[in-house]
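What follows is one structure encoded as structure tokens, with my remarks underneath.
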Amino acid sequence: MEPQGTKKVLTDQERLELAAKLDKDLDAFISSLEKKRYTEGWPEDRWEEEMAKHPFFMKKSPEPGEQLSPLMEGLAQLKYDPEENTAQELADTYKEDGKFYMHHRKFRLAVMSYTEALRHKIGDASYKATLYNNRSAANYMLQNYRTSLQDAQKALELKPDYDKARWRAAQCASAIGRYELCVELCDTILQRDPTNEPAVDLRKSCLSRKATQLRDERKEARLEREKQDQWNRTVAELSKRSVKFEERNALVDERKLKPRLAPLEDFMVTCDEDGILHWPVVFCYPEFHTTDFQQQLSEETTMSAALEQLFEEPLEYDRAGAYRPNKVSVYYENRILGFAYLVDTKKTIRQILAEKTFVVYEGTLTFYIVVRGSNQEQTFVNQTRIPVKIEY
């Protein structure tokens with residue numbers, strides 16, 4: 001028996017056997033472990049996409065509403081969490097965001113950032129004026145000139161000597177046609193800096209455009225008076241002649257005298273300064289299912305003269321050359337009675353309108369033209385009840 005406290009010395013053979021046993025035990029332990037695939041890394045087919053989402057490697061800021069990675073979401077909470085930041089720190093953060101977005105021409109995001117900064121209601125007037133001015137700049141780049149002007153004016157209220165805000169306010173006032181305000185702002189700028197050439201040029205431009213605006217307004221007012229005078233004359237003449245309309249109260253509501261056919265819709269019946277009415281007229285050709293238009297036919301014109309003008313050039317569809325002023329019959333229709341009436345072509349438009357059976361529909365005179373004695377005329381007559389005897 002070996003004395004106590006002495007260490008047994010292993011032989012070389014025993015050491016080899018012990019090492020072999022330990023290797024075998026280690027292999028058995030590793031084999032007994034649960035085999036799991038590593039899933040915490042980036043997928044091989046999307047590693048570039050995942051890398052771009054990492055805050056250390058991303059090349060652009062996330063868009064509003066875009067889903068953030070867990071790491072980015074955590075950083076955002078640290079950056080914007082009101083429990084982790086003071087109101088001033090949060091305002092500074094949003095202000096820096098706005099500056100970043102302005103630099104990268106993301107003006108809508110800049111407006112949102114400056115708006116968030118203002119929500120924290122920092123008491124320092126100069127600081128708030130800067131935020132309003134910056135938001136004004138972002139809105140100006142978006143061409144939101146009215147909103148930009150409002151922000152610039154708020155900045156001036158907080159900081160009356162804010163030259164940048166005053167200049168932008170002048171630019172916005174010019175853009176939305178508030179010329180007097182623009183001139184007033186430019187005058188203030190020039191009082192402080194008489195050599196400010198942009199302010200001088202903008203002031204001159206506003207004065208010139210203001211003069212043009214006043215001239216245009218006077219012209220528009222004159223045209224409106226002339227239009228009203230013409231309408232009054234037209235109503236007076238139509239009433240005096242007892243012209244009959246299918247629509248009730250046609251002389252009270254101007255819209256009821258407005259033609260509905262596209263070629264005539266801008267040519268309502270009018271009365272000139274000599275008291276002569278000018279009518280929009282439709283000439284229908286039942287045989288060809290087509291029409292001609294006269295936008296302003298004087299009531300002093302005879303029907304025969306109107307036909308001469310219509311047939312100065314042959315109708316496109318009249319290959320036989322049958323439509324000539326002395327070879328056609330003209331009719332008008334009374335829609336209320338359901339009758340068609342033959343027109344005496346020697347009469348003027350005014351005389352035709354004076355007939356008891358003539359009724360105006362939708363402010364337009366409508367006439368039907370067929371070749372006299374033709375099958376087309378007989379067909380037209382049979383389709384309508386003609387209460388007069390036709391003689392040739």
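Counting from 1, the numbers follow the sequence of the chain as shown. Every value quoted in this text rests on a predicted model; they were computed, and no experiment measured them.
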Going by the ring-ring contact (aromatic ring centres under 6.0 Å, His included) test, which pairs reach into residues 152-185, not counting sequence neighbours? none
Looking just at side-chain N and O atoms, do [X] and [Y] make a donor-acceptor pair shorter than 3.5 Å?
{"X": "D92", "Y": "Q88", "result": "yes"}
{"X": "E355", "Y": "Y332", "result": "yes"}
{"X": "T195", "Y": "D193", "result": "yes"}
{"X": "S148", "Y": "S136", "result": "yes"}

Are [X] and [Y] within salt-bridge range, i.e. N to O under 4.0 Å?
{"X": "E224", "Y": "K227", "value": "no"}
{"X": "K346", "Y": "D344", "value": "no"}
{"X": "E362", "Y": "R260", "value": "yes"}

Under 30°, 30 to 60°, or over 60°: which ring-plane class applies to F367 and F283, parallel, tilted or perpendicular?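 If you compare the ring of F367 with that of F283, the planes turn out parallel.
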Going by the angle between their ring planes, with limits at 30° and 60°, are Y341 and F339 parallel, tilted or perpendicular? perpendicular
Kindly indicate, with the supporting measurements, whether the criterion salt bridge (charged side-chain N to carboxylate O under 4.0 Å, His left out) is fulfilled by E157 and K154. CA-CA 5 Å; E157 291 175 5; K154 289 179 181 177; over 6 Å; no
Trace of the ring-ring contact (aromatic ring centres under 6.0 Å, His included) decision for F107 with Y101: CA-CA 6 Å; F107 302 120; Y101 290 131; over 10 Å; no
Would you say the rings of Y94 and Y114 are close, in the sense that their centroids are separated by under 6.0 Å?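 Ring centroids of Y114 and Y94 are no less than 6.0 Å from each other.
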More than 12 heavy atoms of other residues, nucleotides or ligands under 6.0 Å from CZ of R209: yes or no?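 Buried by this count: over 12 neighbours within 6.0 Å.
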How about Y317: does its OH atom have over 12 heavy atoms from other parts shown lying under 6.0 Å from it? no
Starting from V282, walk the hydrophobic network (Ile, Leu, Val, Met, Phe, Trp, Tyr; side-chain heavy atoms closer than 4.5 Å) and list everyone else you reach, by chain and number. L261, L264, F293
